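What follows is one structure encoded as C-alpha cells, with my remarks underneath.
Owing to the predicted nature of the structure, the values given are computational and were not obtained by experimental measurement.
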Amino acid sequence: MDQNFWIHLKDDFIELLLHIGPRVIYAIIAFMIGMFAIKILMRSLKKLLNKSKTELSLQTFIESLSVFILWGVLIFIIGSIIGIKASSFFAIFGAAGIAIGLALQGSLSNFAGGVLILVFKPFKVGDLIEVNGVLGFVQQIDILYTRVKTYDGRIVTMPNGNLSNSDVDNRSMNPYRRVELDLKFHYSEDMGRIREILLRTLNKHPDILKDPEPDAWLDKIGEYQLVITARCWTKSEIFWDVYWDQLEAVKKALDDEGIEIPIPKQKIEANQFQAEIIPQENQKE
C-alpha cells in the first residue's frame, strides 16, 4: 500500500466524522434531554393518577406501560437524528418485533394476562389472595408480572400469564368472612352446655357481626370424640385478629368450665400397655 492510500483513507475518515459527528453529538444531547423528560413525565403521571384516585392496580400497570412507550419514542427520535429513515426504522422495528415475539412468547402471554387481570379484576393491589400455593397481599401489578408479599415478608413474583389462567382464591373481595373453630369434645359432654358456653364467648368479641349471629353446631361424630364447629362473621381485613382472639377466648372459657379436650383412645391404651409391661420387666430383674 502506497502513501496515497493512507492519505485517501484519512481524508475519508475525516469527512465521515464531519458528516456524522454533529449528528452523534445531537443524538447524545437528545438522549440526555429525553431521559430527563421521561423522569418529569412519569412524575407528573403519578401525581395525575393519584389526584384522579385511579385504582392502584391500574395505576401501576399504566406507569410500567408508559415507561416502555416513552423509551420507544426516545429511541425512535435518536435514530431519526442519526439519519435512520422512518421507513427503515419501522422495518427494523418490525423485523426485531417478529424475532422478539418468537423468542418471548411467554412475555407476550404475560402482557395479555396483565390486560385480562385489569379488565376482569379477579384481584387488585392490596387484596389477600392465594394462588398456586402462595398466600399473600398483592403489592404491584406490572405489564408482565404481579408481585405478592407473603405473611413472612417474602416477595413472590408471578407471571401474569400464569395468574390469568389459574384459580385465584381472593380473600378480600368479599367485605366479610366467617371465622370457624373446629373443637373436639368427649361423648359424655352436654351439647347444650357446650353450645351455651361457646355462643356466650363468641358474642363477647366487639368486632363480630350481629347479623348473621354466631352459631355452634355438632359437625361430626368421630370415632372417639364429637366435633363441634363454632362460627361467627367479621370484616375481612381483621379476620385473623378475630380468629386468634376467639380461639384463645374459647380455650379459656372451656378451661374455666372444667371442660377438657379428649385424648385419643389409642394414646390411653398405649399408656396403659406401657404401665402394665414396665412392672413385669421390673419383676424379672
Side-chain angles (χ1 to χ4, degrees), residues 55-57 121-139 146-156 158 163 166-268 270-271:
E55 186 178 313
L56 195 55
S57 305
K121 297 181 180 179
F123 57 84
K124 62 182 184 298
V125 172
D127 282 356
L128 175 64
I129 66 171
E130 182 176 8
V131 57
N132 298 329
V134 177
L135 175 65
F137 293 92
V138 180
Q139 277 205 322
T146 293
R147 290 178 174 83
V148 176
K149 184 178 181 180
T150 63
Y151 275 103
D152 57 354
R154 294 177 294 123
I155 302 296
V156 181
M158 302 182 179
L163 280 175
S166 299
D167 295 332
V168 179
D169 179 7
N170 190 331
R171 303 185 182 181
S172 300
M173 184 174 290
N174 192 335
Y176 303 107
R177 288 185 62 187
R178 187 173 67 188
V179 177
E180 296 188 2
L181 306 178
D182 293 329
L183 308 167
K184 299 177 181 179
F185 300 94
H186 288 288
Y187 275 101
S188 59
E189 296 291 350
D190 183 356
M191 280 287 304
R193 178 170 173 248
I194 291 176
R195 180 179 290 111
E196 188 273 329
I197 295 171
L198 294 177
L199 293 180
R200 183 179 70 239
T201 305
L202 294 179
N203 277 298
K204 288 181 180 179
H205 201 288
D207 293 324
I208 67 168
L209 302 182
K210 299 304 180 182
D211 185 20
E213 296 180 348
D215 56 26
W217 300 99
L218 177 62
D219 186 62
K220 183 180 179 182
I221 299 178
E223 187 176 359
Y224 303 110
Q225 68 274 322
L226 302 175
V227 179
I228 297 178
T229 300
R231 303 179 298 188
C232 63
W233 288 80
T234 187
K235 294 180 179 179
S236 296
E237 61 265 24
I238 57 173
F239 171 83
W240 285 109
D241 294 331
V242 174
Y243 176 84
W244 290 320
D245 288 345
Q246 296 286 47
L247 194 62
E248 291 184 9
V250 166
K251 173 64 168 62
K252 185 176 185 302
L254 294 174
D255 289 344
D256 292 342
E257 294 291 336
I259 299 176
E260 299 179 353
I261 296 175
I263 301 174
K265 187 176 180 182
Q266 296 95 325
K267 184 175 181 180
I268 296 176
N271 291 338

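When all heavy atoms are compared, the tightest approach of Leu183 to Val250 is CD1-CG1, 3.7 Å. In this structure, Phe137 and Gly126 approach most closely via the heavy-atom pair CD2-O, 3.6 Å. Annotation for Asp169 and Arg171: closest pair OD2-NE, 3.1 Å, computed over non-hydrogen atoms. Nearest heavy-atom pair, Ile197 versus Ala253, reported as atom, atom and distance to 0.1 Å: CG2-CB, 4.0 Å. The shortest heavy-atom contact between Leu209 and Pro214 is O-CD, 4.2 Å. Nearest approach of Pro122 to Met173, heavy atoms of both residues: O-CE, 3.3 Å.
Looking at residues two or more places apart in sequence or on another chain, you find no salt bridge (Lys or Arg N to Asp or Glu O under 4.0 Å) involving Lys204. Listed by chain and number, the residues in a salt bridge (Lys or Arg N to Asp or Glu O under 4.0 Å) with Glu180 are Arg178 (sequence neighbours excluded). For Asp152, the side chain to side chain contact (heavy atoms under 4.5 Å, CB included) partners are Thr150, Arg154, not counting sequence neighbours.
Arg231 places a side-chain heavy atom less than 4.5 Å from the side chain of Trp217. Looking only at side-chain heavy atoms (C-beta outward), Phe185 and Gln225 stay at 4.5 Å or farther from each other. Counting heavy atoms from C-beta outward, Leu226 and Glu189 have side chains that stay 4.5 Å or more apart. By the 4.5 Å heavy-atom criterion applied to side chains, Ile228 and Arg195 are not counted as neighbours.
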**OP:** Check the pair Thr234, Gln246 against side-chain contact (heavy atoms from CB on, under 4.5 Å), reporting the backbone distance first and the verdict last.
**Re:** CA-CA 11 Å; Thr234 187; Gln246 296 286 47; over 6 Å; no
Subject >> Verdict with supporting geometry, Leu199 and Glu213, side-chain contact (heavy atoms from CB on, under 4.5 Å) >> reply: CA-CA 9 Å; Leu199 293 180; Glu213 296 180 348; over 6 Å; no
**OP:** List the steps, then state whether side-chain contact (heavy atoms from CB on, under 4.5 Å) holds for Phe123 with Leu163.
**Re:** CA-CA 10 Å; Phe123 57 84; Leu163 280 175; 3.9 Å; yes
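The CZ atom of Phe239 lies 10.0 Å from the CH2 atom of Trp233; values are rounded to the nearest 0.5 Å. Taking SG of Cys232 as the reference point, atom NZ of Lys210 lies at 9.5 Å (rounded to 0.5 Å). Put simply, CD1 on Ile238 and CG on Asp245 are 9.0 Å apart, with the number rounded to the nearest 0.5 Å. The line from CG of Leu198 to CG of Asp215 is 10.5 Å long, rounded to the nearest 0.5 Å. Separating the CG atom in Leu202 from the CG atom in Leu181 is a distance of 6.5 Å, to the nearest 0.5 Å.
Under the 30°/60° scheme for interplanar angles, the aromatic rings of Trp240 and Tyr243 are found to stand perpendicular.
In summary, Arg200 and Glu196 engage in a salt bridge, as defined by a charged side-chain N under 4.0 Å from a carboxylate O.
Heavy atoms from other residues, nucleotides or ligands lying under 6.0 Å from CD of Glu260 number 12 at most. Within 6.0 Å of CG on Asp167 lie no more than 12 heavy atoms contributed by other residues, nucleotides or ligands.
Proximity of a side-chain donor or acceptor of Ser172 to a complementary backbone N or O of Leu128 within less than 3.5 Å is detected. Panel note: side chain Asp190, backbone Gly192; a donor-acceptor pair is recorded below 3.5 Å. Without hydrogens or angle criteria, Ser236 side chain to Asn174 main chain gives a donor-acceptor distance under 3.5 Å.
Ring centroids of Tyr224 and Tyr187 are separated by 6.0 Å or more, keeping the two rings apart.
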